[in-house]
Protein chains: 2
Amino acid sequence: MPIQCESCPLRRLPVFDPMTPEEVAFTQRFKVGEMVVDAGSVVMQEGLGSSQLFTVLEGLGLRYKTLPDGQRQIISFVMPGDFIGLQSAVMEDMGHSFRATTRMRLCVFDKRRLWTLFESHPDRAFDLTWLAADEERFLGETLASLGQRPAATRMAWLLLHLYRRGRELGLTDGATMPLPYRQQDMADALGLSLVHTNKTLARLREGGVVNWQDGILTVPDAGALARAANADPSEVRHRPLI
Amino acid sequence: MPIQCESCPLRRLPVFDPMTPEEVAFTQRFKVGEMVVDAGSVVMQEGLGSSQLFTVLEGLGLRYKTLPDGQRQIISFVMPGDFIGLQSAVMEDMGHSFRATTRMRLCVFDKRRLWTLFESHPDRAFDLTWLAADEERFLGETLASLGQRPAATRMAWLLLHLYRRGRELGLTDGATMPLPYRQQDMADALGLSLVHTNKTLARLREGGVVNWQDGILTVPDAGALARAANADPSEVRHRPLI
DNA sequence: CGGGCTGTTGAGAGCTTTCAAACCCTGTGG
DNA sequence: CCACAGGGTTTGAAAGCTCTCAACAGCCCG
């Protein structure tokens, strides 16, 4: 039984901008249905188009690019509330793939109706653009991390980022949150080898800054982690939900 | 004397999508004026808002982020036709700074009128979203380069990218084009030290793959460069011009 | 019980950085 | 006309970070 937008649990989270009843109703009409995918499913393929767009309701996934020689670069870690497929919506095809890491529940939208969104709901079109711009901002930060920070700092930065996002979404339980990715995922996100990722992780763990083991992330002191990450202080940004 | 959108030389380039006379007229109304900035001017500051948006008419610039410890990461090399300031348009502030490398001529738009664009010109709003999505795609590719490729490949990839863009814009003269950046800029874009950038550049030059000296980029064989960059074959993407 | 996936560890090789110094060119002032 | 300072580019060499190679432990599953 698909969730009604009106009673969508995500909408109640304070990270997301409030919506008017009219906006909720429109989103409901825009929504085609729901889709549950198993862990490991590739939902969108780089280079291919898609007639569907998604908002993540539950579960975790990865967006990644594959290079001609087979290397993989993780673009982002996908969490509930994320809107997936904007690229295929406005251009012909996707610049990256999207794969479910855990079983996921996705809200499905029809790409062909996107135009009516732009025509009749400029506020929602604006939200869409906002999301794209926010994505650009985040990728800029990621770029700065990969380009300018050493391995340990980079890793601390990423774990801090994931922890902050998890907290916004109510995925945390005190200082811990589930984070069921593999070390190889982290390595491919940070541009490090698996071995070095493992050793860097061990050093952070020994330093007591952060611990990520058995799929559980533990951040005893977010401030200490932020210092290790050489990061600016936290700042919760509210964002639209599609 | 500011250029009239109707006779804007950029619009005539085949890379840019054709516009209807009505769209041209609207863009003209959206345009507030023009601005010429000297080489070295910082036009937009990371973290600050801006009431203005720009489209580059002439000249080259850089978008970059500065980390808390002073390191700099170049986000992109800015060329004519690029739309600058989308982030400050839809969010409060910019996630990066923008600085002119050469003297630049900029088309100036008023951020406060952006909303009318979304309200009354859904096609242009769509174009704006398209640009944001394209930026996201490009940053994803950049991320993959920084994360997964060794220095020489990375550098070849970037020079190839710049050459292709220059060619689309008619900046090339046969196998050469002006590229008046510093080696330090290239280093900060690729996440390499200045010294290593210099040596890598020298090796590419000796290999005859590409030459970039005295502000002039020379690509004797684009195919060979693409192979050195481990890049997919060229593919000109048409894009909207704001 | 064997195979496959994930995580861990040790060690040497290799790529990149940092440190230092020199070179070229240009603009400035004596 | 020459000395000098400053920005950008080159070079050499040593230090350091990260990678690759190899091997092993733990776990789940057929």
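By convention in this document, chain letters (A, B, ...) are assigned in the order of the sequence lines, proteins followed by strands, and residues within each chain are numbered from 1.
- Taking CG of A:Leu204 as the start and CG of A:Asn211 as the end, the distance is 9.5 Å to the nearest 0.5 Å.
- Note that the first and last nucleotides of DNA chain C, 5' to 3', having any atom under 4.0 angstrom from a heavy atom of chain B are C:dT16 to C:dC19.
- Contacts of residues 179-206 of chain A with DNA chain D (heavy atom under 4.0 Å): A:Gly191, A:Leu192, A:Ser193, A:Val195, A:His196.
- Using a cutoff of 4.0 Å between basic side-chain nitrogens and carboxylate oxygens, A:Arg72 and A:Asp185 are scored as salt-bridged.
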Would you mind writing out the side-chain donor-acceptor pairs for residues 142-153 of chain B within the sub-3.5 Å range, not counting sequence neighbours?
residue, atom, partner, partner atom, Å
B:Thr142, OG1, B:Phe138, O, 2.9
B:Ser145, OG, B:Arg149, NE, 3.1
B:Ser145, OG, B:Arg149, NH2, 3.1
B:Arg149, NH1, B:Ala229, O, 3.2
B:Arg149, NH1, B:Asn230, O, 3.0

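- For B:Arg149 and D:dC19, the CZ to P distance is 17 Å, given to the nearest whole Å.
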Review point. Hey, mind stepping through A:Leu159 and A:Leu201 against side-chain contact (heavy atoms from CB on, under 4.5 Å) and telling me if it holds?
Key: CA-CA 10 Å; A:Leu159 292 175; A:Leu201 217 37; 4.1 Å; yes
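- With respect to the salt-bridge test (charged N to carboxylate O, under 4.0 angstrom), the residues B:Glu135 and A:Arg137 do not qualify.
- Around the CG atom of B:Asp173, the shell of radius 6.0 Å holds no more than 12 heavy atoms that belong to other residues, nucleotides or ligands.
- A distance of 10.5 Å separates CE of A:Met44 from CG of A:Asp93, quoted to the nearest 0.5 Å.
- Electrostatic pairing of B:Arg165 and B:Asp82 counts as a salt bridge here, judged by a charged N lying under 4.0 Å from a carboxylate O.
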